[in-house]
Q: 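Provided herewith is a single structure, encoded as C-alpha cells, for subsequent inquiry.
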Amino acid sequence: VQLQASGGGLVQAGGSLRLSCAASGSTFIYYSMGWFRQAPGKEREFVTAINQSGGSTDYADSVKGRFTISRDNAKNTVYLQMNSLKPADTAVYYCAARYGGISSDTSSYYYWGQGTLVTVSS
C-alpha cells in the first residue's frame with residue numbers, strides 16, 4: 001500500500017490542523033493505521049492509531065484530549081484532527097499501516113508515508 005500524507009503547515013499555539021493520509025494500491029480495510037511524529041533531533045514517536053473498522057483507537061498521553069484519529073474506509077483515508085496545538089507538537093508527522101490490531105510500536109508498521117511538517121509557533 002502507498003500512503004500520502006498531507007495537511008501540515010504553520011499554525012499558532014492553540015490553533016488546529018487536520019492531517020490526511022490517503023492510501024492506494026491495496027485494500028485499505030486490511031490495515032490498522034497509525035500516526036507518528038518526529039521532532040528535530042528526536043526519535044520518531046507514536047501519536048495515535050486506529051484499527052481496521054475504526055472502532056478501536058489509542059493515543060499517546062501527550063495528545064489525549066487534543067487529537068482525534070478517524071478513518072473513512074470508503075475514501076481510503078485516515079485523518080488526524082489536532083486541536084489546542086502546542087509548540088511541542090512541532091514535528092514531521094507520518095502515517096503508517098500495519099496488518100493486525102493497533103500498536104504503538106513503530107517497528108511493527110510496515111508501510112510509511114512521506115511525512116508532512118507541522119510547525120506550531122508560540
Side-chain angles (χ1 to χ4, degrees):
V1 62
Q2 291 80 46
L3 303 174
Q4 180 73 39
S6 62
L10 174 63
V11 63
Q12 289 188 333
S16 298
L17 279 176
R18 188 176 82 154
L19 306 184
S20 300
C21 175
S24 62
S26 185
T27 305
F28 185 60
I29 59 172
Y30 288 170
Y31 304 98
S32 289
M33 300 298 296
W35 285 98
F36 295 79
R37 66 187 181 186
Q38 187 166 19
K42 295 187 177 181
E43 293 187 353
R44 192 170 298 186
E45 66 175 5
F46 170 74
V47 176
T48 181
I50 189 167
N51 72 342
Q52 289 87 341
S53 69
S56 181
T57 58
D58 189 23
Y59 294 90
D61 287 344
S62 59
V63 306
K64 279 181 182 176
R66 301 188 298 122
F67 290 12
T68 303
I69 189 171
S70 61
R71 65 189 292 162
D72 185 337
N73 288 337
K75 296 183 178 179
N76 292 351
T77 302
V78 62
Y79 304 99
L80 178 62
Q81 178 67 43
M82 305 185 293
N83 299 329
S84 301
L85 282 161
K86 306 174 182 180
D89 296 317
T90 295
V92 176
Y93 283 71
Y94 299 89
C95 59
R98 69 185 303 273
Y99 292 107
I102 58 175
S103 173
S104 61
D105 181 0
T106 306
S107 65
S108 72
Y109 286 78
Y110 191 77
Y111 301 101
W112 290 83
Q114 86 290 359
T116 185
L117 176 63
V118 172
T119 304
V120 184
S121 64
S122 57

Q: Taking ring pair (Phe, Tyr, Trp, His ring centres under 6.0 Å) as the definition, give me every residue that meets it alongside F67, ordered by chain and number, with sequence neighbours left out.
A: none

Q: Working note: R37 + S62, criterion side chain to side chain contact (heavy atoms under 4.5 Å, CB included); need CA distance, chi angles, decisive distance, verdict.
A: CA-CA 12 Å; R37 66 187 181 186; S62 59; 3.5 Å; yes

Q: Does a side chain donor of either S32 or N51 reach within less than 3.5 Å of an acceptor in the other side chain?
A: no

Q: Check residues 2-15 and write down every donor-acceptor pair under 3.5 Å in which the side-chain atom is one partner and the other belongs to a residue at least two apart or another chain.
A:
none

Q: Is there a side-chain contact between T77 and R71 (heavy atoms, below 4.5 Å)?
A: no

Q: Side chains of Y79 and I69, heavy atoms from C-beta outward: is any pair under 4.5 Å?
A: no

Q: State whether D61 and K64 are salt-bridged, where the test is any N-O pair (Lys NZ or Arg NE/NH1/NH2 against Asp/Glu carboxylate O) under 4.0 Å.
A: yes

Q: So, does N73 use its side chain to make a donor-acceptor pair with the main chain of Q52 at under 3.5 Å?
A: yes

Q: Strictly by modelled atom types, are D105 and S107 linked by a side-chain donor-acceptor pair under 3.5 Å?
A: yes

Q: May I ask you to test the V118-L19 pair for a side-chain heavy-atom distance under 4.5 Å?
A: yes

Q: Which residues satisfy the ring pair (Phe, Tyr, Trp, His ring centres under 6.0 Å) test with Y94, sequence neighbours excluded?
A: none

Q: Using ring pair (Phe, Tyr, Trp, His ring centres under 6.0 Å) as the criterion, list what pairs up with Y31, not counting sequence neighbours.
A: Y99, Y111

Q: For T48 and D58, indicate whether the former's side chain and the latter's backbone hold a donor-acceptor pair under 3.5 Å.
A: yes

Q: Is the shortest side-chain heavy-atom distance between M33 and R98 below 4.5 Å?
A: no

Q: With sequence neighbours left out, which residue pairs that include part of residues 56-122 fulfil the disulfide (SG to SG under 2.5 Å) condition?
A: C21-C95

Q: Got a sec, which residues hit ring pair (Phe, Tyr, Trp, His ring centres under 6.0 Å) with F28, two or more places apart in sequence or on another chain?
A: none

